[in-house]
There are 4 protein chains.
Amino acid sequence: MKWTTKITKVEPNHLVTKGYRQEDLIGNIPYSSVVYLLLKGDLPTKEHGKMMDAILTACIDHGVTPPSSMASRVVASGGVPLPTAVAAGILSIGDAHGGAIEKGAKFLQEGILRMKKENISTGEMAKILVSESKKQNKRILGFGHRIHTQDPRTKRLFELANELQIAGEHMALSNAIEKELSIQTGKNLPINVDGAIAAISSDMGFDWRLGKAFFLLGRVAGLTAHVYEEQSEQKPMRKMFTDESEYSGPSEKDIPDGR
Amino acid sequence: MKWTTKITKVEPNHLVTKGYRQEDLIGNIPYSSVVYLLLKGDLPTKEHGKMMDAILTACIDHGVTPPSSMASRVVASGGVPLPTAVAAGILSIGDAHGGAIEKGAKFLQEGILRMKKENISTGEMAKILVSESKKQNKRILGFGHRIHTQDPRTKRLFELANELQIAGEHMALSNAIEKELSIQTGKNLPINVDGAIAAISSDMGFDWRLGKAFFLLGRVAGLTAHVYEEQSEQKPMRKMFTDESEYSGPSEKDIPDGR
Amino acid sequence: MKWTTKITKVEPNHLVTKGYRQEDLIGNIPYSSVVYLLLKGDLPTKEHGKMMDAILTACIDHGVTPPSSMASRVVASGGVPLPTAVAAGILSIGDAHGGAIEKGAKFLQEGILRMKKENISTGEMAKILVSESKKQNKRILGFGHRIHTQDPRTKRLFELANELQIAGEHMALSNAIEKELSIQTGKNLPINVDGAIAAISSDMGFDWRLGKAFFLLGRVAGLTAHVYEEQSEQKPMRKMFTDESEYSGPSEKDIPDGR
Amino acid sequence: MKWTTKITKVEPNHLVTKGYRQEDLIGNIPYSSVVYLLLKGDLPTKEHGKMMDAILTACIDHGVTPPSSMASRVVASGGVPLPTAVAAGILSIGDAHGGAIEKGAKFLQEGILRMKKENISTGEMAKILVSESKKQNKRILGFGHRIHTQDPRTKRLFELANELQIAGEHMALSNAIEKELSIQTGKNLPINVDGAIAAISSDMGFDWRLGKAFFLLGRVAGLTAHVYEEQSEQKPMRKMFTDESEYSGPSEKDIPDGR
């Protein structure tokens with residue numbers, strides 16, 4: 001029984017990744033394009049390479065507030081190796097944290113398929129999707145942000161996607177949904193950075209199942225910096241926030257007889 | 001190439017763990033004694049079984065303040081499966097959190113070996129160890145606690161160890177060190193719960209390399225309860241403490257030309 | 001902003017878990033009953049305590065074949081602390097590994113609710129559920145095993161559930177489904193250990209969302225033993241199985257011009 | 001109590017990382033240079049930026065054989081989210097897997113300090129270090145590889161370090177150690193890829209405590225690809241290697257009376 005892989009061939013003094021010798025990639029192809037190669041199966045065009053690089057940078061860090069950086073720092077504080085603490089942060093990347101890229105991309109990719117099948121316009125599709133989600137009382141993921149109303153990362157990513165002529169039908173549908181949300185809900189729910197990456201990566205032809213991967217591959221840099229900062233500037237087990245916690249459970253009692 | 005293990009034999013409709021059929025263990029031997037079997041290689045005596053059970057219970061939970069419960073709850077808040085969040089808490093068990101059992105047990109086990117080799121009394125050994133650690137400016141782990149001066153868990157564990165006639169030379173050395181610390185440093189540094197488990201598990205014949213295992217195997221119950229509480233009573237990505245964070249890095253600037 | 005918890009009150013020299021002082025629990029209440037207390041909110045009856053203990057023991061270990069023990073040993077082989085390697089094993093507990101308890105319990109609990117609402121018998125409900133799952137081409141989880149046709153753990157758990165008078169409507173529905181599966185599919189798909197725990201824990205009144213918790217809380221003992229065995233008996237980075245792997249990716253080529 | 005960080009300032013619609021606005025970094029500075037910024041505190045020169053990029057690419061993947069890719073795939077096989085499985089692979093990065101960068105860099109950095117203090121030549125320092133390690137029966141990490149005698153990644157990294165004029169005293173000491181190892185041990189123990197990164201990152205002024213970070217930040221790309229390959233091309237819980245395992249524990253027996 002052998003393990004088969006399409007990723008890397010390992011022979012003595014010879015390493016071939018997705019067809020390319022590693023010594024040819026090192027120093028000749030930007031790291032972010034090698035990431036693209038690993039996820040997509042071949043090297044990107046110049047434009048796709050630049051876009052991929054921008055997506056990773058757009059995910060690097062969001063301070064100490066998100067669960068991932070808190071988890072990494074808290075775990076580092078227990079006195080563990082750097083990779084253990086970085087991994088703890090990655091574990092928090094889930095449906096509620098970074099998960100909007102995956103779900104948003106799935107929603108857009110299915111929307112485009114349906115649009116083609118039903119032979120309707122982008123605007124009509126957006127109208128239907130927003131109205132359906134309202135009826136089902138479901139949020140469309142990738143719109144609105146708890147802190148940013150005009151996320152500078154989103155603006156810059158869309159600018160680049162246009163410049164590099166990557167913007168396509170998924171970005172168009174995303175923009176149409178933003179407009180419809182404003183019309184049908186009366187609320188300003190601008191595309192957020194997750195929604196932007198969902199739309200752009202879909203226009204680049206990426207599987208929505210890789211949604212969390214983009215976020216993870218960019219954020220791992222920030223998490224590493226957080227762990228390093230915690231380990232070099234703070235004492236292990238330093239006082240954190242929970243000293244002020246409150247107990248709201250059952251009141252104190254004796255163990256009943258017969259147990 | 002085969003993987004060899006001394007833990008469990010798996011055959012169709014037949015599972016044997018450390019020599020015992022699993023159906024014989026289930027419901028006949030307390031779970032905590034089965035844990036002992038797994039770590040020590042055979043079933044405990046009644047006394048060892050009771051002590052093992054008490055050690056696990058002494059580790060179950062310490063509220064939301066320690067890194068492990070914070071990490072588990074923060075990661076749960078990202079919207080991930082229960083085991084992922086429980087594992088994140090376990091990752092924080094390190095040299096500074098739960099690590100005193102391992103280091104304390106190593107210190108005591110080496111102390112006893114040295115005591116026998118140098119043919120000196122427990123009191124003399126304690127005097128030498130405390131004095132050496134003072135000179136090297138090293139803390140002896142397992143003494144003193146940031147919150148508890150008379151840890152109720154420690155008192156109860158020692159009580160049981162005496163009752164069950166498990167208390168032996170490691171506990172004696174531990175007590176002697178506590179006295180010497182008070183004499184030589186003038187500080188009250190009572191044996192804490194980690195130190196108690198270090199001493200008792202050493203008297204039970206456990207390898208100090210399992211120090212973190214006792215803590216982990218008890219605490220995993222509390223961590224599971226924390227994750228369940230977070231997932232059933234809180235919203236994902238709820239506001240935590242770090243909203244009030246402060247940036248102390250370089251001040252804002254433009255990217256220099258030529259980059 | 002304070003963190004609120006119903007689990008443990010922490011005050012100097014005073015620890016109260018779900019209402020009980022920890023020093024009262026230690027050595028007086030079996031560890032497995034304390035686990036029950038943490039998950040259910042109060043101490044079990046004698047019968048529930050015994051059943052809970054049996055469930056945890058039924059999950060302890062299944063040799064080196066499952067993903068969890070492989071992951072723990074492989075990670076241990078990288079030269080990391082024991083808790084890091086144990087946590088890696090726990091990470092593999094997912095929809096396909098240990099997940100049948102959660103899904104099975106959800107299925108049974110929803111089945112019982114529906115049965116009552118539609119006012120039909122257990123046998124009728126089982127007939128409908130099996131027939132629906134056949135139509136939708138969906139497996140009912142908790143039935144059949146890749147190795148065991150008569151799992152000794154299942155038999156023992158059911159025996160105990162009957163003895164302790166815990167067996168109730170969920171176990172009855174589970175037995176009826178087993179019969180219906182045989183009638184409607186012609187296959188022998190006996191309740192497996194996951195299915196048994198799903199049924200029994202449902203009869204004990206546990207939330208199906210805790211399904212993976214039972215497995216995790218028992219299996220963590222086996223994983224700890226695997227990590228300890230790996231670290232004490234094997235060299236780091238020992239040869240494993242993948243030396244014989246095969247590359248099936250794109251064939252070797254030069255980087256195209258202009259990249 | 002506030003959390004302080006030097007990494008990122010987060011204000012509404014305004015994100016500043018190590019002094020630079022994120023919208024200025026995105027699409028203007030290569031992602032690998034942003035990683036450098038996060039770890040080193042400022043943007044790299046062109047030369048350092050290129051070297052950093054090459055180091056990350058040199059770590060991307062080594063097939064399915066190393067513990068990290070095995071762990072990621074095995075955990076993915078349990079049916080868990082992509083980030084959980086990627087994190088499991090990262091957990092295996094330890095003293096034996098990827099750890100030679102950290103230890104190698106520490107050894108070289110301490111060697112250079114000692115060389116300056118004792119005012120001796122690189123050659124003399126190498127002679128002393130190799131001779132001391134032989135006496136203490138300790139391996140110098142970063143030399144020799146279980147598969148590659150002439151690692152193509154090492155050759156390419158050194159080529160670049162020379163071209164970019166980064167090669168300095170740490171690389172010189174590393175080369176001198178390689179020669180001395182051959183003279184004093186008679187064995188060919190060429191600098192391996194870990195050793196190359198240890199030397200080059202030291203010449204770039206990086207703290208040796210970041211040794212595992214370089215490896216992690218490159219390898220996370222390969223691990224993500226492995227998890228994606230496992231999840232898209234394999235069934236959950238597929239047969240792996242351990243079916244052929246062997247039990248070497250105590251032989252089957254009854255539970256003794258009185259337990």
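When reading the values below, keep in mind they use all heavy atoms of this one structure, side chains included, and skip hydrogens, waters and symmetry mates. Chain naming here is simple, since letters A, B, ... match the order of the sequence lines and numbering starts at 1 in each.
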Between A/Asp24, A/Thr84, A/Thr154, A/Leu38, the one whose heavy-atom pairs under 4.5 Å with chain D are most numerous
A/Leu38
Compare all side-chain heavy atoms of D/Glu233 with those of A/Thr4 and state whether any distance is below 4.5 angstrom.
no
Which of D/Ala58, D/Ser92, D/Pro152, D/Gly27 touches chain A most, by non-hydrogen pairs under 4.5 Å:
D/Pro152
What part of A/Leu25 lies closer than 4.5 angstrom to a heavy atom of chain D: side chain, backbone, both or neither?
both
So which part of A/His226 gets closer than 4.5 Å to some heavy atom of chain D, the side chain, the backbone, both or neither?
both
Between D/Leu91, D/Leu15, D/Ile147, the one whose heavy-atom pairs under 4.5 Å with chain A are most numerous
D/Leu15
Minimum side-chain heavy-atom gap A/Leu82-D/Arg209 below 4.5 Å:
no
Side-chain donor/acceptor of A/Glu229 to backbone N/O of D/Lys6, under 3.5 Å:
yes
Side chain from CB out, backbone as N, CA, C, O: work out which of these in A/Val220 comes under 4.5 Å of a heavy atom of chain D, or both, or neither.
both
Leading residue by heavy atom contact count with chain A [cutoff under 4.5 Å; candidates D/Asp151, D/Asp207, D/Thr17]
D/Asp207
Among side-chain atoms of A/Gln22 and D/Thr57, is any donor-acceptor pair under 3.5 angstrom?
no
I need the minimum non-hydrogen distance between A/Thr224 and D/Leu217, along with the two atoms involved.
OG1-CD2, 3.7 Å
Smallest separation among heavy atoms of A/Ser32 and D/Tyr31, with atom names:
CB-CB, 4.4 Å
Counting heavy-atom pairs under 4.5 Å to chain D, which of A/Ile55, A/Asp61, A/Ile29, A/Leu216 comes out on top?
A/Asp61
Among D/Gly89, D/Gly218, D/Pro81, residue most engaged with chain A (heavy-atom pairs, under 4.5 Å):
D/Gly218
With a 4.5 angstrom heavy-atom cut-off, which part of A/Arg73 approaches chain D: side chain, backbone, both or neither?
side chain
Would you say A/Lys18 has more than 12 foreign heavy atoms packed within less than 6.0 Å of its NZ?
yes
If you count heavy-atom pairs under 4.5 Å with chain D, which of A/Leu56, A/Val35, A/Val34 comes out on top?
A/Leu56
Taking the side chain as every heavy atom from C-beta outward, state whether A/His62 and D/Val10 have any pair of such atoms under 4.5 Å apart.
yes
How about A/Asn28 and D/Arg156: does a side-chain donor come under 3.5 Å of a side-chain acceptor?
yes
Out of A/Thr8, A/Ile26, A/Leu210, A/Leu39, return the one with the most heavy atom pairs under 4.5 angstrom to chain D.
A/Ile26
What part of A/Val86 gets closer than 4.5 Å to chain D, counting heavy atoms only: side chain, backbone, both or neither?
side chain
Straight-line distance of A/Trp3 CH2 to D/Arg238 CZ, nearest 0.5 Å
5.5 Å
Using heavy-atom distances under 4.5 Å, tell me whether A/Asp95 contacts chain D through its side chain, its backbone, both, or neither.
neither
Atom CD of residue position D/Glu11 - does it have more than 12 heavy atoms of other residues, nucleotides or ligands inside 6.0 Å?
yes
Heavy-atom pair of closest approach, residues D/Ile90 and A/Ala87
CG2-CB, 4.0 Å
A/Leu164, part contacting chain D, at a heavy-atom distance under 4.5 Å
neither
If we ignore hydrogens and angles and just use 3.5 Å, is the side chain of D/Asn13 paired with the main-chain N or O of A/Thr149 as donor and acceptor?
yes
